[in-house]
Amino acid sequence: QVQLVESGGGLVQAGGSLTLSCVASGNIYIINDMGWYRQAPGKQREFVATISSGGGKNYQDSVKGRFAISRDNARNTVYLQMNSLKPEDTAVYYCNSVGLNSDFTPARGWGQGTQVTVSS
């Protein structure tokens, strides 16, 4: 079972930047994919970005060119660098991971979420 802990959220003015971090821990054999999702009030949780263990990246169209996902495999940590933030980026951001537990059963988890608020 994977435990994920996010940090780095906060208040920022439009056009500003924030970097989110998420650390995975537990009886982990391997983490294949890590990603970020967000949920704004009145909206469904949506995909933001993912990164594979090999470094392959995918982004939601609305954040391309503004957000950058990266990971430190040695520390089981994923980051989301957010630049040129817009009020519509305001949401609770959740970390996700997919991999294998030490017993080789599927390991999937979500973090508790971190609030990002962008003022206009």
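Within 6.0 Å of CG in D72 there are more than 12 heavy atoms belonging to other residues, nucleotides or ligands. The neighbour count for Q1 CD, taken as heavy atoms of other residues, nucleotides or ligands under 6.0 Å away, does not exceed 12.
Contact of the L80 side chain with the T19 side chain is not registered, since no non-hydrogen atoms from C-beta on lie closer than 4.5 Å. Looking at heavy atoms from C-beta onward, I69 lies out of side-chain contact with Y79 at the 4.5 angstrom threshold. Proximity of T114 to V92: side-chain heavy atoms (C-beta onward) are nowhere separated by under 4.5 Å. Side chains of L20 and M82 form a contact here, defined as non-hydrogen atoms less than 4.5 Å apart. Residues Y93 and Q115 fail the side-chain proximity criterion, which asks for heavy atoms closer than 4.5 Å.
Applying the salt bridge (Lys or Arg N to Asp or Glu O under 4.0 Å) test to pairs two or more places apart or on separate chains, those with a residue in residues 31-40 are R38-E46, R38-D89. Pairs passing the ring-ring contact (aromatic ring centres under 6.0 Å, His included) check and including a residue from residues 95-119, sequence neighbours excluded, read Y29-F104, Y37-W110.
We find the OH-CZ distance between Y94 and R45 to be 5.0 Å, quoted to the nearest 0.5 Å. Rounding to the nearest 0.5 Å places CG of N32 at 9.0 Å from OG of S52. Atom CE in M34 sits 8.5 Å away from atom CG in N96 (nearest 0.5 Å).
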Open item on the list: Between V78 and C95, does the side-chain contact (heavy atoms from CB on, under 4.5 Å) criterion hold? Intermediate values first, please.
Closed with: CA-CA 8 Å; V78 63; C95 177; 3.7 Å; yes
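Contacts of N83 classified as side-chain hydrogen bond (donor to acceptor under 3.5 Å, both in side chains), with partners at least two apart in sequence or in another chain: S17.
Across Q112 and L4, no two heavy atoms sit closer than the pair OE1-O, 3.6 Å. L85 and L18 get closest at one heavy-atom pair: CD1-N, 3.9 Å. Across all their heavy atoms, A107 and N101 have their closest contact at CB-OD1, 3.2 Å. Across all their heavy atoms, S120 and A14 have their closest contact at CA-CB, 4.4 Å.
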